[in-house]
Structure formats: C-alpha cells, structure tokens
There are 2 protein chains.
Amino acid sequence: MNQHASHKPDYEKELRRAGVRITRPRKVILRILTETDDHPDAMEIFQRASAIDPSISLSTVYRTMKLLEEMGAIHRHAFEGGRARFEQADGEHHDHLIDIDTGDVIEFHSKRIEELQEEIASALGYDIVHHRLELYGRKRKRS
Amino acid sequence: MNQHASHKPDYEKELRRAGVRITRPRKVILRILTETDDHPDAMEIFQRASAIDPSISLSTVYRTMKLLEEMGAIHRHAFEGGRARFEQADGEHHDHLIDIDTGDVIEFHSKRIEELQEEIASALGYDIVHHRLELYGRKRKRS
DNA sequence: CTTTTTATTGCAAACGATTTGCAATTGCAT
DNA sequence: ATGCAATTGCAAATCGTTTGCAATAAAAAG
C-alpha cells in the first residue's frame, strides 16, 4: 500500500552538481531522508540525526532542508499544527490525507479533482500556480 | 457565482448569550467585522480598529478573534504566508482561490469535489473531519 | 600532504505571529 | 452609587524558524 519503489535519489550527486560541499552533517541528514518514508518535521529529523551524530545542530537541519527545498529535492508542507513537514520530491504530484489522531500522512491523487480545480479557476479568470488539498480525517471504526 | 447576500449576523446578541461583556473594544472590532467583506488578518483588523479607537491593543484583537472563533462566529484560515486571516462564518461552506499577486480571496464551492474527497477518504478507510482546499493562482491575462 | 581559500557549522540571539501573566480598569448586576 | 468579576493594555513569553558571527572543516591549490 505504500512501498514506493522510488529510485532513491542521489542527493549527494545533486548537491555536488549544485556546487555545495558534502559535509558530515549533510551526509547524516541526507541518509535520514532517503531512509524515511514518513513526513518528518525538522525536530524529528534533528533527533534522528542527533542519534547518529550528537554534534549536529537544529540550525543545520533547517539550513539543509531549505537548501534541498530550493534544489527541488524535497517538498515542505504546512499541515495543521505548528511545524512544517518534509518529504522527498521524487514521485509525481499528490495530495494528502492526514490522520488527526496519529499525524500519519497518506498520499493520494485524483486526476478528476485536479481537472475540476482547473475548471473552477478558469471560470473565475485565473490560472492555478499551485494548490493545496488536505483531508483531515479519522480512521473509520466499523467497516 | 459568489455574491453572498449574507444576512449580517448580530454578534452582540450572540456574545451576550454566550455570557460575555460587550466592551468598547469588542464593539469596535465587531463593527469592523460586519462591515468587511474581505479576509483581513489580525494586524489589519487592529489597524482599522486603531483608526476608530487608538487605545485598542493588538492583544485584544487576538483575544476577540479567538473568542468569536470558539463561538463559531468566524473562521480562521491559515493561507500561505504568515498571518492567519478571518472571515465571518455566516454563509455555507466554501473553499478559496487566493490571488498570489494581490492576496485577494475568491470563494468557491464544488459539490463534485467534495463528493470525490469523500470517496477517496472512504476508500482509504477514513472519515473526513475537515478539509482544506486552496487554489493559488494568478489572474489570466488574455481572454 | 601541507597550505590556502571559502563554505559550512554551532551557538546564541533575532525573528514574526500569537499567547499570556498581571495589575489596572471597566462592564454591569445590585 | 457600589462591588466584584470580566476584560483590558502592556510587556514578557512562546513556538517554529532564521540569522550573525567567529570557529571549523571541505575541497582546491601547491
């Protein structure tokens, strides 16, 4: 249901091409990102990184996330509730269903909804630059 | 398509019923809200209020917005870009198209999209508690 | 492999939006 | 009018995130 056969992106190569240095902290953070398939926030990444190398600072996590975001390697999501959450930018576009009890994120995509969005914007005289569709829900109890 | 003939809500009556005092600052803020048909943020409300009564504080604006939100009289939206924006909660549910150049907000509603959202959540085993659909766009140039 | 250059780091302080503690004020019921 | 709890303004605190700066460490040069 969620094992994405995503050809794990070679962040290091991308970074090198972007002309930035492959430092120890960055290596650790990149490793965490490639090994992760949830949507961690900066603090979670920081904690996972600290477990590997306690000298890594939260600032560096933020700086690295910003860097990767600008390179287009990751996406930043401002779901409800404080912290921004990140995900690898490998796959195609999708929207999110957030479990309001656990914070779990499920990705989904609806071509039909996207079409309808386009129609609506168009009817209002607009071109969509980007959009945000988030469903906040609770796991159904009885089937 | 979107001209809401909103029967302007009597906030004062609602507040009184909720057992809170009708103070001078609150009167001013309520007046601003009823006279407004855009989606102002706290700072804008504060500035408009200051023009009427310079002694009103930003804290009071925030406190009043929170109060009204808890009463269900207004909705708070966390669109992109810092500040939360508010709108009267009179009409029926709608989503938003935000003009990324001007910040203008256009309300729209699509029964079809809502149905599709339900289908998706349902297929994933979830009940939707609430959702967020925001289109960020730019006014189309050539018709 | 040492030196040089310059990006990157950790830290603490700054940030912007919002909330809060507190003492002074004010609605409003008596 | 009187009394008291609700409300205010202010300043300080909060939370997530960003930033200035001096110290450090990649990678380039020799």
Side-chain angles (χ1 to χ4, degrees), chain A residues 11-32 39-71 73-86 103, chain B residues 11-32 39-71 73-86 103:
Chain A
Y11 289 134
E12 294 205 14
K13 184 168 283 180
E14 284 189 60
L15 282 170
R16 214 162 233 121
R17 192 177 326 129
V20 301
R21 293 180 182 171
I22 311 302
T23 63
R24 187 153 163 35
R26 294 219 255 241
K27 268 196 185 112
V28 172
I29 294 169
L30 294 179
R31 181 176 134 200
I32 289 168
H39 294 63
D41 58 43
M43 187 55 70
E44 283 163 354
I45 295 169
F46 169 62
Q47 283 161 353
R48 296 178 200 179
S50 294
I52 298 172
D53 177 350
S55 75
I56 291 173
S57 77
L58 183 53
S59 303
T60 295
V61 172
Y62 275 113
R63 278 191 278 236
T64 302
M65 299 320 282
K66 172 166 283 190
L67 182 65
L68 292 171
E69 192 189 0
E70 283 164 358
M71 290 173 38
I74 62 172
H75 289 315
R76 172 192 302 254
H77 298 293
F79 298 144
E80 288 183 356
R83 331 223 230 268
R85 299 174 65 172
F86 305 91
Chain B
Y11 288 133
E12 294 205 13
K13 183 168 283 176
E14 284 189 60
L15 281 171
R16 214 162 233 119
R17 191 177 327 128
V20 302
R21 294 180 180 171
I22 311 302
T23 64
R24 186 153 164 37
R26 293 220 255 238
K27 269 195 183 113
V28 172
I29 294 170
L30 294 179
R31 183 176 133 201
I32 289 168
H39 295 63
D41 58 43
M43 187 54 70
E44 284 163 354
I45 294 169
F46 169 62
Q47 283 160 353
R48 296 178 199 178
S50 294
I52 298 172
D53 176 352
S55 74
I56 291 173
S57 77
L58 182 54
S59 303
T60 295
V61 172
Y62 274 113
R63 278 191 277 235
T64 303
M65 300 320 282
K66 171 165 284 192
L67 182 65
L68 292 171
E69 192 189 359
E70 283 164 357
M71 289 174 39
I74 62 171
H75 289 315
R76 172 192 302 254
H77 297 293
F79 298 144
E80 288 182 356
R83 331 222 229 265
R85 299 175 64 172
F86 305 91

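These figures come from a predicted structure and were not determined experimentally. Chain naming here is simple, since letters A, B, ... match the order of the sequence lines and numbering starts at 1 in each.
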Spell out yes or no: do the side chain of Arg24(B) and the base of dG9(D) have one donor N/O and one acceptor N/O closer than 3.5 Å?
no
Atom CD1 of Ile22(A) and atom C1' of dA28(D) are separated, to the nearest Å, by 15 Å
Quick check: any donor-acceptor pair below 3.5 Å linking the side-chain of Arg26(B) to the base of dG27(C)?
no
Side-chain donor/acceptor of Arg21(B) to base of dA5(D), under 3.5 Å:
yes
Whole Å only: how far is the CG atom of Leu30(B) from the P atom of dT7(D)?
13 Å
When you measure from the side-chain N and O atoms of Lys66(A) to the phosphate of dT17(D), is any distance below 4.0 Å, counting only OP1 and OP2?
no
For Arg83(B) and dT19(C), what is the distance between atoms CZ and C1' respectively, to the nearest whole Å?
16 Å
Using a distance-only criterion (donor-acceptor N/O pair, under 3.5 Å, no hydrogens), is the base of dG21(C) paired with the side chain of Arg63(B)?
yes
Please test Glu70(A) against Lys66(A) for side-chain contact (heavy atoms from CB on, under 4.5 Å), starting from the C-alpha separation and ending with a verdict.
CA-CA 6 Å; Glu70(A) 283 164 358; Lys66(A) 172 166 283 190; 3.5 Å; yes
Test applied, side chain to side chain contact (heavy atoms under 4.5 Å, CB included); reference residue, Arg48(B); option that passes from Ile56(B), Ile32(B), Val61(B)
Ile32(B)
Does a sphere of radius 6.0 Å around CZ in Arg76(B) hold more than 12 heavy atoms from other residues, nucleotides or ligands, not counting ones at 6.0 Å or beyond?
yes
Between Arg26(B) and Thr64(B), is there a donor-acceptor pair closer than 3.5 Å when you use the side chain of the first and the backbone of the second?
no
DNA chain C: 5'-proximal contact among Ala84(B) and Thr23(B) (nearest heavy atom):
Ala84(B)
Do Ile22(A) and Leu30(A) come close enough that some side-chain heavy atom pair is under 4.5 Å?
no
Starting at CD1 of Ile29(A) and ending at C1' of dT8(C), how long is that distance when rounded to a whole Å?
12 Å
To the nearest Å, give me how far apart CG (Asp41(B)) and C1' (dT18(C)) are.
12 Å
Under 3.5 Å donor-acceptor, Glu44(B) side chain and Asp41(B) backbone:
yes
With DNA chain C as reference, determine whether Gly82(B) or Gly19(A) sits nearer its 5' end, using the nearest nucleotide of each.
Gly19(A)
Below 4.0 angstrom, which residues in residues 53-62 of chain B have at least one non-hydrogen atom near DNA chain D?
Ser55(B), Ile56(B), Ser57(B), Ser59(B), Thr60(B)
Integer-rounded Å distance: dG16(D) P and Phe86(A) CZ
13 Å
Round to a whole Å and report the spacing from CE of Met43(A) to P of dT14(D).
15 Å
Could you tell me how far apart Leu67(A) (CG) and dT17(D) (P) are, to the nearest whole angstrom?
17 Å
Can you confirm whether Met71(A) sits close enough to Val20(A) that some side-chain heavy atom of one is under 4.5 Å from a side-chain heavy atom of the other?
no
